[in-house]
Amino acid sequence: MEVQAFAKLNLTLDVLRKRPDGYHDLRMIMQSITLADELTLEENGTGELRVHSDLRFLPVGEKNLAAQAALRYWQARGLPPQGLDIAIRKRIPVCAGMGGGSSDAAAVLRALNQRDGSPFSVEELARIGEQVGADVPYCVLGGTALAEGKGEVLTPLPALPRCWVVVCKPEFAISTPALFARIDSVRLRRRPDTRGAVEALEAGDLVETARRLYNVFEDALPERQRDRVFALKNLLIGGGALGASMSGTGPTVYGLFDREDRAREACARLSQESRETFLCRTV
Ligand code: C5P
């Protein structure tokens, strides 16, 4: 079986509070984009679960989120682990704030469920995914959605109006737990207008949605990284983006464009800044 695992972007991201369990309550609007990993699942008849990828430094075996998803799936069905090869062609930048690992996990859940004749509903599959990671339930659902709680409380939203997305991952990686720890100690100067962004989506208004893109983690970045992220955002805005923001805990920056020619030009310009620059559509 071949499946695609789409990357996600945060149109907004707000951190509300730290929870007693060490996680944070979030409120964020998620959007999937066409940038995707490709997964191939193949029964291998060995009784062994094996994960491999074309990126050498990606964890293989049971440490990989795709493997954890398969194990949780079989556990939920009351089945023992099965002989399966999962091959991942990695296209989504790693440690980038685009949910690549979570999306691979979600793709495995959807593929296994489909192969077995859909024993689980999408909601049940999302609950299984929650055990693998906080972003996995959203990745099972996909599209445009409001995510609250740890990220697992989902409300589908009207799709973001048709647009072009330029995505640029600068050449440094960010540790998600480390940035969550930092955000507890910084004073947030600005919060996203999530309600306004939801209303803009409900009105089908791309311009008003794009004006409200904002991610509180931009304020929590160490200074040098923040300068780099702001510089890339400025390049996107200067190139005609209707709005630009960082995704997740970063460092990926993206901009939304209503004109394809401007998006292509901005993509060419940002490609000079980072090799990992992509022109995408929404899914
Ligand atoms: O659930 P997941 O393994 O993807 O989360 C990775 C890390 O991100 C957690 O260990 C935690 O430090 C942080 N996190 C958080 N609050 C969330 C989601 C993630 O603090 N809602």
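Each ligand, and each atom within it, is numbered from 1 in the order the structure gives. It should be emphasised that the depicted structure is a prediction, and the values quoted were computed from it without experimental measurement.
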[atom]: which protein heavy atom is closest, and how many Å away?
| atom | answer |
| --- | --- |
| atom 6 (C) of ligand 1 | T176 CG2, 4.4 Å |
| atom 13 (C) of ligand 1 | F180 CD1, 3.3 Å |
| atom 4 (O) of ligand 1 | A134 N, 3.7 Å |
| atom 18 (C) of ligand 1 | Y23 CD2, 3.5 Å |

Flag if over 12 foreign heavy atoms under 6.0 Å of CD, E223:
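No.
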
Can you confirm whether R91 is buried at CZ, in the sense that more than 12 heavy atoms of other residues, nucleotides or ligands lie under 6.0 Å from that atom?
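Atom CZ in R91 is packed in, count exceeds 12.
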
For residues D116 and Y73, is any side-chain donor paired with an opposing acceptor at under 3.5 Å?
yes

Donor + acceptor pair across side chains of T252, S247 (<3.5 Å)
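No, no side-chain donor-acceptor pair sits under 3.5 Å.
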
A181 near ligand 1, heavy-atom distance under 4.0 Å?
no

Looking at ligand 1, is there an atom of it that comes within less than 4.0 Å of some heavy atom belonging to L26?
yes

Stepwise, does the salt bridge (charged side-chain N to carboxylate O under 4.0 Å, His left out) test hold for E124 with R127?
CA-CA 5 Å; E124 288 167 333; R127 293 287 79 83; over 6 Å; no

List ligand 1 atoms under 4.0 Å from G133, heavy atoms only on the residue side.
1 (O)

Using a strict 4.0 Å cut-off to heavy atoms of G22, name the atoms of ligand 1 that fall inside it.
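Counting from 1, the qualifying ligand atoms are 20 (O).
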
Check each of D193, T12, T194 against R212 using the side chain to side chain donor-acceptor pair (under 3.5 Å) test, and report the only one that passes.
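Of all the options given, the one that passes is D193.
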
Ligand 1 to K150 polar contact by distance, N or O atoms, under 3.5 Å
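Yes; the residue has a nitrogen or oxygen that sits under 3.5 Å from a nitrogen or oxygen of the ligand.
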
Under 3.5 Å, N or O to N or O, is H24 touching ligand 1 that way?
yes

For a salt bridge (charged side-chain N to carboxylate O under 4.0 Å, His left out) check, start with the C-alpha distance between K233 and E218, then their side-chain angles and the critical distance, and finish with the verdict.
CA-CA 11 Å; K233 277 174 57 170; E218 290 178 19; 2.6 Å; yes

